[in-house]
Amino acid sequence: MNRVDLGDEARSVRRSLAGEHAGETGTRLPPFIDHHVHLALVDPSGLGAHGIAGVVDLGANPATISRFAESAGRARVAYAGAFLTAPGGYPVGRSWLPEGAAREITPTTSSPADALPDAARIAVDEQAAFGASVIKVTLNSDGPVLDLDTLRAIVAAARIHDLPVAAHVEGEGMTRLALDAEIDALVHTPWTEHVPSSLIARAAARQVWISTLAIHEGAGRDTALDNLSRFREAGGRVVYGTDLGNGDLPVGVNAVEIAALQDAGFGARGILAALVDPWPAAAQPDDGIATFVPGPRPTAPTDLPAWLARSCVVPVEDLEEIR
Ligand SMILES: [Zn+2]
């Protein structure tokens, strides 16, 4: 009895005799997405060879990332454009921040009756004009933070474009602020504060959480694991994300992130659901690609991270099903 249940979409396949690695057998799965990356900070050319078919860039110069996404061709790139933050707020002034990647929003003072759009509206419209499919705000209490009214103005502006809003929350009270502003997603599992059960329940009812567990160690990792496991138990929607570009992370499926999801209580089916979730899109495009994992399937949960890290992206037509 195999203890690793990969679900109904896992198919036993053989690679076609015409292509690379002719006749190699393995498993076909739907395409995988890393839902938190920064393409400007890495060389993304190896993503497909290491199992990542799509990415969500969560903070970049909007002109640069939109040009990149257009030229990427086969790669699927969704993006937020700039980090929207308070004047002087995180990540303004950080050494890694690319030119034009942060947009400082002066607090909203306009009443709904005002004829002129406010700074929040202008900033959101600008990201949408560059093709963003999600709006990103940063709420880090180490520095100035957007107030609730301005956050609500950002969310309202994003709704006009039918875009979700995702927040970086860091520091005491920031998860609550994001929930009060009706933010749709957290770009990291909260790692700096224990999120109380009442907030976990509210979050699970409306938010998507992007895992990014492997960027932490020590107490931050423990806090994130505890928050994420309770969010999962409360029925919250979790998507796989690594924050690729933040420090030294592997380009491709990250075995350490997969193992950390297991530590948070996820089984193989839950991990695969997090990898193939189309967020922020409603569905994955039908563009003729699939995940291929060579070799025999894992027989024990401890084999799953390394097995998934061997995956690659291939054309569906290169795979034939073995019955
Ligand atoms: Zn990030």
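Note that ligands are numbered from 1 as they come in the structure, with each ligand's atoms numbered from 1 the same way. Atoms considered below: every heavy atom in the structure, side chains included; atoms not considered: hydrogens, waters and symmetry mates. For the single chain, residues carry numbers from 1 onward in sequence order.
- You'll find the ring centres of H35 and Y240 outside the 6.0 Å limit.
- Here the side chain of R206 pairs a donor or acceptor atom with the backbone of E182 at under 3.5 angstrom.
- Other residues, nucleotides and ligands contribute only 12 or fewer heavy atoms inside 6.0 Å of the CG atom of D286.
- Counted by atom type alone, T138 and N140 present zero donor-acceptor pairs between their side chains at under 3.5 Å.
- Remark: E126 engages R103 in a salt bridge (charged side-chain N to carboxylate O under 4.0 Å, His left out) (not counting sequence neighbours).
- Proximity of P31 to R76: side-chain heavy atoms (C-beta onward) are separated by under 4.5 Å at one or more points.
- Screening the protein for N, O or S atoms under 2.8 Å from the Zn ion (ligand 1) yields 3; no waters enter the count.
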